[in-house]
Amino acid sequence: MDPRTQGRTMTAIWWIRDDQRLHNNPTLDEALAWRKKTGGRLVAVWFPEQPREVVWTEFPHPIPKLSPDRAAFELACFKSLKKSLRAYHIEARVSTLNPIDFMETLQPEVVFYTHAAAIHERQQEEALQRLGIALQGFHARNLLKPQQVFSPDLPPTYTPFRKRIEALLGTEPFPGISTYSADASPSKSLFAHTEEGARAHLYSYVSAQGAGRQYKTRRNGMLKHSDSTKLSAYLSRGLIHPQEVWNRCLEIEAAVGGCEEVYWIRFELLWREYFQWVAFTAVSNLFRPQGLKAHSVSQPQKGSPKAFELWTEGRTGDALVDAAMRELRATGYQSNRARQNAASYWIHDLKQPWRIGAAYFESMLLDYDAASNWGNWAYIAGVGNDPRLFRKFNTQKQAEQYDPEETYRAYWSGQ
Ligand code: FAD
């Protein structure tokens with residue numbers, strides 16, 4: 001026995017990351033199995049992102065790492081989890097230390113954690129390995145395991161990735177995923193902060209009568225809650241496993257005799273999956289001005305604080321972009337269509353450095369996910385996984401096509 005641990009109760013840590021759920025959580029399952037086997041103590045610890053400002057070389061002012069609203073949403077999710085964990089007799093703590101200092105001081109027997117995709121979180125995993133503490137990591141926020149993704153390697157663009165994975169997975173559901181059967185009504189707010197709320201929403205949206213039956217047709221709508229799944233924050237914070245979403249889609253597709261509309265949710269889930277593994281492979285390159293490109297790309301050297309102010313406040317004069325940016329400020333959310341236009345406008349119309357826009361989205365989005373955010377921004381900037389170097393959206397045309405009655409623009413014009 002390690003002399004440091006002699007004479008004290010064995011302790012394991014569940015390092016809570018973006019896997020904040022009880023169901024379909026292999027990380028928690030293994031931690032519970034360890035407790036049962038050893039009779040040791042299991043403590044769950046969450047290390048929230050601390051409010052701070054980040055200085056970027058291409059911008060004169062620092063940008064907050066996370067907004068008060070995002071911090072409050074993440075805290076609310078944690079508090080719900082903490083409450084649920086009482087039923088499992090697991091003490092859940094918040095620590096403002098960094099995970100490495102915390103573990104070094106506590107010296108647990110083992111740390112159970114869910115692997116992250118992006119460099120910063122992966123560096124934490126590596127630092128933990130160097131401490132010599134036993135670690136058990138799980139891919140609990142992905143559809144796929146690395147051996148499925150990298151066989152033989154990650155395709156350079158999305159379509160070959162999707163085709164290969166669809167052929168691999170077929171229409172068999174992921175095994176071992178429990179389903180939700182309670183009769184809870186989904187939350188009326190944009191995002192619930194409970195696992196129960198997340199699951200209730202999934203099973204009501206993706207159901208024989210649910211709005212998901214028109215997902216493909218309606219997903220470019222920007223105004224209504226039911227225009228798209230609104231699962232992003234649940235997936236980002238890990239309130240729900242993507243495999244459960246996948247299985248639920250398959251179940252409804254089978255029940256109604258096939259449904260292209262619902263299938264498209266799985267199509268989009270594969271975009272999420274792709275960006276996770278792109279970030280995993282790209283390590284720090286995803287966050288460079290030149291992104292994934294091997295050579296430097298022509299970029300504005302310094303961003304304009306005035307342009308930033310107009311864009312973030314929704315005062316650029318472009319009605320679609322302004323609506324999108326006001327929505328982001330007010331709710332911490334934008335639809336995918338709105339995000340594409342807002343990002344394209346920042347990069348290609350205002351001619352501003354893409355990383356500054358991405359950093360602002362990072363601070364504001366309740367569903368912030370490093371891989372999806374930075375991957376999409378790099379893609380639109382032409383420095384990501386896109387064979388095209390210039391992905392500019394014509395915001396006037398987009399407004400006419402996707403907001404023909406001007407309802408979205410009108411809704412946010414007075415905010
Ligand atoms: P739906 O249209 O219902 O899609 C279903 C699910 O598929 C989503 O919940 C999401 O998990 C996934 N998905 C859909 N589109 C994408 C996409 N383009 N890339 C990756 N996953 C996708 N998504 C995040 O979860 N976090 C982010 O930080 C984020 N930042 C983005 C920044 C930009 C500039 C852009 C263009 C997109 C970004 N996205 C991000 C992707 C996408 O816009 C959101 O996932 C989606 O709008 C969330 O709404 P929804 O759940 O109703 O999506």
Side-chain angles (χ1 to χ4, degrees), residues 18 66-67 70 73 117-118 141-143 158 161-162 190-191 198 201-202 205-206 210-212 214-246 248-249 261-279 286 291 311 321 324-325 327-328 331-348 354-386 391 393 398 402:
D18 287 329
L66 80 172
S67 69
R70 197 184 121 204
F73 178 69
R141 59 189 306 277
N142 293 97
L143 286 173
Y158 170 72
F161 169 80
R162 176 182 61 77
L190 173 59
F191 295 119
H201 176 68
L202 168 65
Y205 181 87
V206 185
Q214 289 109 43
Y215 173 74
K216 188 181 177 209
T217 307
R218 292 185 53 191
R219 57 181 285 272
N220 284 305
M222 292 177 278
L223 190 57
K224 296 197 181 125
H225 191 269
S226 54
D227 282 338
S228 62
T229 68
K230 305 296 182 293
L231 288 171
S232 52
Y234 304 142
L235 289 162
S236 294
R237 298 290 71 79
L239 271 54
I240 204 159
H241 196 312
Q243 291 181 346
E244 185 171 3
V245 179
W246 183 273
R248 177 64 177 174
C249 292
E261 298 278 342
V262 173
Y263 155 75
W264 215 260
I265 299 172
R266 292 194 290 116
F267 181 101
E268 295 299 334
L269 273 186
L270 286 179
W271 262 115
R272 174 183 181 275
E273 189 70 13
Y274 186 58
F275 279 124
Q276 298 298 314
W277 294 106
V278 167
L286 186 58
W311 182 66
V321 173
M325 297 308 289
E327 180 185 16
L328 182 62
T331 67
Y333 178 82
Q334 284 175 347
S335 66
N336 189 56
R337 181 61 45 194
R339 288 180 209 205
Q340 287 174 322
N341 278 281
S344 167
Y345 193 83
W346 171 257
I347 300 165
H348 301 301
W354 72 274
R355 297 197 306 172
I356 302 308
Y360 179 69
F361 268 39
E362 169 169 347
S363 73
M364 299 299 288
L365 287 171
L366 298 188
D367 62 21
Y368 172 67
D369 171 86
S372 292
N373 187 60
W374 288 83
N376 272 287
W377 270 93
Y379 188 87
I380 293 170
V383 296
N385 288 80
D386 189 355
R391 192 166 275 273
F393 286 69
Q398 292 267 313
Y402 296 110

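Remember, it's 1-based here, ligands and their atoms both numbered in the order they're listed. The analysis underlying the following values was restricted to heavy atoms, covering all of them including side chains, and did not include hydrogens, waters or symmetry mates. The shown structure was predicted, so the numbers you read here are calculated from the model rather than taken from an experiment. Along the sequence shown, the residues carry numbers beginning at 1.
- Among residue pairs with one or both ends in residues 237-246, those qualifying as salt bridge (charged side-chain N to carboxylate O under 4.0 Å, His left out) are Asp18-Arg237, Glu74-Arg237, Arg199-Glu244; sequence neighbours excluded.
- With contacts defined as side-chain heavy-atom distances shorter than 4.5 Å, the pair Phe393/Arg391 qualifies.
- A heavy-atom cutoff of 4.0 Å around ligand 1 is satisfied by the protein residues Tyr215, Ser228, Thr229, Lys230, Leu231, Ser232, Leu235, Ser236, Glu268, Leu269, Arg272, Phe275, Tyr333, Gln334, Ser335, Asn336, Arg339, Gln340, Ala343, Leu365, Asp367, Tyr368, Asp369, Ser372, Asn373, Asn376, Trp377, Ile380.
- Listed by chain and number, the residues in a side-chain contact (heavy atoms from CB on, under 4.5 Å) with Ser372 are Arg272, Gln276, Asp369, Asn376 (sequence neighbours excluded).
- By the ring-ring contact (aromatic ring centres under 6.0 Å, His included) test, Phe275 pairs with Trp271, sequence neighbours left out.
- Partner of Trp354 under the ring pair (Phe, Tyr, Trp, His ring centres under 6.0 Å) criterion, out of Trp346, Trp374, Trp377: Trp374 alone.
- Between the side chain of Ser67 and the backbone N or O of Ser363 there is at least one donor-acceptor pair closer than 3.5 Å.
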